[in-house]
There are 2 protein chains.
Amino acid sequence: MSTATAESRPYHHGDLSRALVDAARKILETDGPAALSLRAVAREAGVSPAAPYHHFKDKAELLEAVAHEGWHELDVALSTARASTEDPRARMTNLGVAYVCFARDNPALYRVMYDRSRDKDALPDQLKDDGAYCQVRDTINENGGGHVSDIDLELATIAAWCAGHGLAEMIGFKQFAPLKELLGGEEAFLRAVFEHLGMFAKFTAIQD
Amino acid sequence: MSTATAESRPYHHGDLSRALVDAARKILETDGPAALSLRAVAREAGVSPAAPYHHFKDKAELLEAVAHEGWHELDVALSTARASTEDPRARMTNLGVAYVCFARDNPALYRVMYDRSRDKDALPDQLKDDGAYCQVRDTINENGGGHVSDIDLELATIAAWCAGHGLAEMIGFKQFAPLKELLGGEEAFLRAVFEHLGMFAKFTAIQD
DNA sequence: AACCAATCTGGACGATGCTTAGATAACGCA
DNA sequence: TGCGTTATCTAAGCATCGTCCAGATTGGTT
């Protein structure tokens with residue numbers, strides 16, 4: 001035993017929940033989602049295949065914990081992007097670019113996040129109250145100068161979120177490679193695509 | 001087509017490839033993607049677990065065939081929607097609604113289609129030449145009256161495609177239920193979201 | 001010191017994807 | 001018509017998976 005990442009562990013691990021989530025994320029990063037088995041996670045944490053069941057009901061619950069971390073980190077990334085400029089219009093574009101870049105830089109994690117959401121037919125609840133989704137809504141609201149109806153604001157947020165997610169899932173697709181090169185890199189490509197999404201048309205009209 | 005779960009079937013099946021794809025789709029519809037194992041497919045087709053390997057290299061290749069059928073059917077659905085009206089602007093919205101409705105009505109199939117694409121980091125090649133993707137591009141081009149640059153046309157198509165895909169993956173999410181009810185049903189909700197996607201802002205500006 | 005509850009192990013069960021060896025039958029050619 | 005070639009299918013087996021169980025170990029309470 002003690003295939004552990006470090007020296008020989010005591011019988012009781014100490015903080016196995018944490019170690020399991022960390023092990024899962026390490027496997028995700030190095031070998032991708034296909035290699036993420038519960039047994040592999042236990043192996044990576046230096047523990048027997050049955051040990052995780054004392055901390056997580058089943059594999060899905062472990063993935064839930066991993067996804068939760070992912071959403072939080074996405075939240076942080078969006079916060080940073082949001083603070084990057086004063087111009088509200090540019091801020092919105094930066095937010096979109098940051099979203100897609102997060103998915104590009106953490107493809108396996110992003111996939112787990114949405115696989116779990118699709119299984120539950122719902123995004124994590126925290127997103128709506130003070131998470132990433134909320135940041136998109138607030139930024140859009142700033143664009144409208146506060147004159148936007150609740151319904152329009154919600155619809156625009158959904159539209160933006162869906163576009164961001166769609167792009168995030170396809171950003172690595174081979175078909176886009178020539179266009180990316182033509183436009184001078186992936187980020188320029190991203191900005192150009194977001195330029196074509198006019199979530200603000202209605203709001204700027206209201207402002208005028 | 002006499003998939004022989006009943007009467008005695010001859011040693012050689014006749015058209016097992018077809019039967020396997022049909023069996024896979026039936027399992028997808030009734031039990032969802034999680035239940036789609038190669039062995040279950042073979043069982044459903046009334047054949048030994050090893051038989052599929054004489055027609056498909058592995059499970060992924062079977063799913064590839066299933067996905068291929070899905071893309072073709074999506075293509076048909078978009079064609080129908082495209083012919084539904086003369087107004088080019090409304091035609092574009094109808095196209096988006098039809099796309100999302102296809103995903104809503106065939107959730108498991110849609111998931112297989114994109115799972116396969118993500119594994120290959122590419123959409124099916126046929127899409128670009130005369131498939132669903134091409135229909136979106138053509139419809140957008142009609143909107144621009146042919147005055148759109150190739151690059152802008154491609155970018156707008158990508159933007160629309162990504163937004164449609166994002167919405168398609170999330171249309172069933174619980175968080176959207178109240179808004180759907182408020183707007184008078186799912187299709188009204190869809191139209192409202194697509195209203196907020198201004199893929200045409202640039203083009204209408206060109207036309208004006 | 002003694003007990004309890006939490007934690008971990010070893011082993012097992014059924015199911016999966018896939019491989020191999022051998023059985024069967026359809027097809028082309030004499 | 002007969003025969004061999006080849007495609008197709010079965011049976012059995014391997015490694016792995018998710019999950020459960022009985023029993024061993026331990027830290028925390030009293």
Side-chain angles (χ1 to χ4, degrees), chain A residues 1-24 27-28 30-67 108 112 115-116 119, chain B residues 1-24 26-28 30-67 108 112 115-116 119-120:
Chain A
M1 57 197 67
S2 129
T3 321
T5 34
E7 61 285 2
S8 65
R9 297 197 182 286
Y11 193 90
H12 284 135
H13 184 283
D15 194 358
L16 187 53
S17 311
R18 250 266 53 85
L20 288 170
V21 173
D22 288 342
I27 292 173
L28 272 181
T30 55
D31 301 321
L36 188 67
S37 70
L38 239 194
R39 296 176 104 106
V41 171
R43 225 175 291 138
E44 172 72 28
V47 104
S48 90
Y53 286 90
H54 293 270
H55 301 268
F56 300 98
K57 186 169 119 288
D58 54 13
K59 185 183 181 184
E61 201 169 282
L62 208 210
L63 295 189
E64 186 72 44
V66 172
V112 168
D115 280 349
R116 286 302 302 144
D119 286 344
Chain B
M1 170 50 96
S2 87
T3 323
T5 22
E7 66 275 16
S8 64
R9 130 199 68 80
Y11 192 91
H12 284 132
H13 184 285
D15 194 357
L16 188 53
S17 310
R18 249 264 56 86
L20 289 170
V21 173
D22 288 343
K26 182 175 176 190
I27 292 173
L28 272 182
T30 56
D31 301 321
L36 188 68
S37 69
L38 240 192
R39 295 174 103 108
V41 171
R43 225 174 292 138
E44 171 73 28
V47 102
S48 91
Y53 287 90
H54 294 269
H55 300 269
F56 300 98
K57 184 170 121 289
D58 54 12
K59 185 184 180 183
E61 200 169 283
L62 207 212
L63 294 189
E64 186 73 42
V66 172
V112 168
D115 280 350
R116 287 302 301 144
D119 286 344
K120 296 183 309 179

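Below, chain A is the first sequence line, B the second, and so on; all start at residue 1.
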Peer 1: Classify the nucleic acid contact of A:S48 as base, sugar-phosphate or nothing, counting any heavy atom under 4.0 Å across all strands shown.
Peer 2: base

Peer 1: Excluding sequence neighbours, so at least two apart, what forms salt bridge (Lys or Arg N to Asp or Glu O under 4.0 Å) with A:D119?
Peer 2: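 Applying salt bridge (Lys or Arg N to Asp or Glu O under 4.0 Å) to A:D119 gives A:R116, B:R111.
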
Peer 1: Minimum heavy-atom separation for A:A65 to A:F56, with atom names?
Peer 2: CB-CE2, 4.0 Å

Peer 1: Between N or O atoms, less than 3.5 Å apart, protein on one side and nucleotides 3-5 of chain C on the other: list the pairs.
Peer 2:
none

Peer 1: Report the distance from atom CG of B:D15 to atom CG of B:L20, rounding to the nearest 0.5 Å.
Peer 2: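 The distance works out to 9.0 Å.
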
Peer 1: How far does the helix from C:dA1-D:dT30 to C:dC29-D:dG2 bend, going by the axes of its first and last five pairs, to the nearest 10°?
Peer 2: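 The end axes of the helix from C:dA1-D:dT30 to C:dC29-D:dG2 are about 0° apart, to the nearest 10°.
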
Peer 1: Write down the distance between CG (A:L63) and C1' (D:dC17), rounded to a whole number of angstrom.
Peer 2: 14 Å

Peer 1: Any non-hydrogen side-chain atom of A:L63 less than 4.5 Å from a side-chain atom of A:D115?
Peer 2: no

Peer 1: How many Å lie between CG on B:L38 and C1' on D:dA15, as a whole number?
Peer 2: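 The distance from CG of B:L38 to C1' of D:dA15 comes to 17 Å, rounded to the nearest Å.
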
Peer 1: From CG of A:L62 over to P of D:dT19, roughly how many Å is that when rounded to an integer?
Peer 2: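 Going from A:L62 (CG) to D:dT19 (P), I get 10 Å.
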
Peer 1: Rounded to whole Å, how long is the line connecting atom CG of B:D15 with atom P of D:dT8?
Peer 2: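 Result: 10 Å.
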
Peer 1: Using a heavy-atom cut-off of under 4.0 Å over every strand shown, decide if A:P49 touches base, sugar-phosphate, or nothing.
Peer 2: base

Peer 1: Are B:R18 and B:V21 side-chain neighbours, meaning at least one heavy-atom pair lies under 4.5 Å?
Peer 2: yes

Peer 1: Send over the distance from B:L16 CG to C:dA26 P, rounded to a whole Å.
Peer 2: 15 Å

Peer 1: Near DNA chain D, under 4.0 Å by heavy atom, which residues of residues 52-61 of chain B?
Peer 2: B:H54, B:H55

Peer 1: Taking only residues two or more places apart in sequence, or in another chain, which ones meet A:R39 in a salt bridge (Lys or Arg N to Asp or Glu O under 4.0 Å)?
Peer 2: none

Peer 1: In whole angstrom, what separates B:L20's CG from D:dC9's C1'?
Peer 2: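 So the CG-C1' distance, B:L20 to D:dC9, works out to 12 Å.
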
Peer 1: Rounded off to whole Å, could you give me the CZ-to-C1' distance for the A:R39 and C:dT16 pair?
Peer 2: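 It works out to 12 Å between those atoms.
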
Peer 1: A:A50 side chain: which of D:dC17, C:dC8, C:dG11 is closest?
Peer 2: C:dG11

Peer 1: Output all residues satisfying side chain to side chain contact (heavy atoms under 4.5 Å, CB included) with A:A42, sequence neighbours left out; order by chain, then residue number.
Peer 2: A:V47, A:P52

Peer 1: A:E61 and A:H55: which non-hydrogen atoms are nearest, and at how many Å?
Peer 2: OE2-O, 4.2 Å

Peer 1: Between A:D31 and A:A34 (side chain of the first, backbone of the second, donor and acceptor by atom type, cut-off under 3.5 Å), is there such a pair?
Peer 2: no

Peer 1: Please report the distance, rounded to the nearest Å, between CG in B:D31 and P in C:dT16.
Peer 2: 12 Å

